[in-house]
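Note sheet for the following structure.
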Amino acid sequence: MTPYIYRFPGRIWQVIPDPVRPGVAVEYRENRRVGWAWLPAHMPLAPVWIEHPEPWYAGLEGVWDGMVLLHGYEAPDWPVRQGVWAYEGSSGQLAWHRPTLRLSQASEGGFCLQDETGTRHWTDRAGTPVAPLTALPLAETMPITYPTPCPADRLPAAAMRISLSGGTAYQSGDWVALLHETPEHQAMPLLVHLSQEMTWPLTATPGGLPDPPFIVYAGILWAQTGSDTLLALPYT
């Protein structure tokens, strides 16, 4: 198992797994700007960045079969969702936009949208209206799981050979984040997998572990390091 490390500016706000195609959609926030990306799983490819015209009043609604879905709001001071943008995750290009509808459900052949009266409107992947389809639930945002301190005797031999700086390692499932001291006596965060007894650097620049040091869910890890966020997907 080898993780592929992605770097995002600012903080990761949401991570939603694709229930159909291997991959995740990510929403990150930096100052007064929101950004989105599609990360294909099981292969170390660069993130596909979503270039959306609205830099703040929009959010990640869901992901389905490689399509990243964003929502807007009725007004900047009124947090009621309105409007749907559908982007192809493989290219980051806009496939279709419905400014007055809300996303309701997905299906194998398209999406179900609703207007303010509750009337359903079905569209295929390309945005063409179609007859009603069998609806399936969209994937939900991953819940945050906080790590716990990891006793030193739980660390694998590969990690025990590293001199610890700060004295604390944090564990969530099989993942452990810890600090090690470089030959230049600088503290560097490392990611350790207990069952593999292997380690990977979390960042190329010196720095301490964030608070919380990292979050893990379903094998996906992300950690705050200074002004950036790192997200690690494990690959076999």
Side-chain angles (χ1 to χ4, degrees), residues 8 10-41 47-145 215 217-218 220 222 229 231 233:
F8 291 86
R11 290 181 176 272
I12 290 179
W13 203 257
Q14 291 191 76
V15 178
I16 302 182
D18 191 325
V20 180
R21 186 181 304 186
V24 297
V26 177
E27 177 179 304
Y28 62 94
R29 301 191 178 195
E30 182 185 20
N31 298 323
R32 295 286 294 178
R33 180 180 180 274
V34 184
W36 301 271
W38 162 257
L39 304 180
V48 178
W49 305 101
I50 305 298
E51 296 295 335
H52 188 62
E54 172 52 61
W56 183 251
Y57 296 108
L60 179 60
E61 181 73 18
V63 57
W64 182 267
D65 196 16
M67 182 161 279
V68 179
L69 301 150
L70 306 183
H71 67 80
Y73 296 98
E74 287 188 0
D77 56 350
W78 187 249
V80 176
R81 297 182 181 186
Q82 180 175 291
V84 181
W85 289 262
Y87 288 89
E88 287 288 353
S90 59
S91 65
Q93 298 298 310
L94 180 67
W96 49 266
H97 171 217
R98 298 292 184 271
T100 61
L101 302 181
R102 301 184 182 96
L103 181 65
S104 175
Q105 292 172 302
S107 77
E108 293 182 358
F111 301 92
C112 177
L113 310 174
Q114 287 184 318
D115 60 25
E116 59 184 7
T117 68
T119 302
R120 293 186 172 188
H121 305 265
W122 288 90
T123 180
D124 64 13
R125 187 184 186 92
T128 304
V130 294
L133 303 165
T134 301
L136 300 170
L138 287 164
E140 297 181 353
T141 302
M142 290 183 172
I144 293 176
T145 302
I215 297 167
Y217 181 82
I220 299 175
W222 64 96
T229 303
L231 187 145
L233 296 179

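- Checking side-chain atoms of D124 against main-chain N and O of G109 turns up no donor-acceptor pair under 3.5 Å.
- Between the side chain of W85 and the backbone N or O of V68, no donor-acceptor pair lies under 3.5 Å.
- One distance of note links CZ of R98 with NE2 of H121; it measures 10.0 Å at 0.5 Å rounding.
- A donor-acceptor contact shorter than 3.5 Å is absent between the side chain of R120 and the backbone of P132.
- Evaluated for a side-chain contact (heavy atoms from CB on, under 4.5 Å) with T123, the options L133, L113, V130 yield exactly one hit, L113.
- Here the straight-line distance linking atom CZ of R81 with atom OH of Y73 works out to 6.0 Å at 0.5 Å rounding.
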Quiz item: side chain to side chain contact (heavy atoms under 4.5 Å, CB included) between M67 and R21: does it pass, once the steps are laid out?
Solution: CA-CA 9 Å; M67 182 161 279; R21 186 181 304 186; over 6 Å; no
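- Distance CH2/W36 to CD1/I16: 12.0 Å, rounded to 0.5 Å.
- Summarising the geometry, atom CD belonging to Q105 is positioned 8.0 Å from atom CD belonging to Q114; distances are rounded to the nearest 0.5 Å.
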Self-check item: Test side chain to side chain contact (heavy atoms under 4.5 Å, CB included) applied to Y28 and R33, step by step
Solution: CA-CA 9 Å; Y28 62 94; R33 180 180 180 274; 3.5 Å; yes
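- Exactly one of V84, L60, L103, V34 qualifies for a side-chain contact (heavy atoms from CB on, under 4.5 Å) with L70. That residue is L60.
- A donor-acceptor contact shorter than 3.5 Å is absent between the side chain of W49 and the backbone of G92.
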Exercise. Could you give me the CA-CA distance, side-chain angles and deciding distance for W38 and D18, then say whether side chain to side chain contact (heavy atoms under 4.5 Å, CB included) is met?
Key: CA-CA 10 Å; W38 162 257; D18 191 325; 3.4 Å; yes
Quiz prompt | Worked verdict on E116 versus V80 for side chain to side chain contact (heavy atoms under 4.5 Å, CB included) | solution = CA-CA 11 Å; E116 59 184 7; V80 176; over 6 Å; no
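- The minimum heavy-atom distance linking A95 with R125 is given by the pair CB-O, 4.2 Å.
- Of the possible polar contacts, none joining the R102 side chain to the H71 backbone as a donor-acceptor pair under 3.5 Å is found.
- Note that NE2 of H52 is 8.5 Å distant from CG of L94, once rounded to the nearest 0.5 Å.
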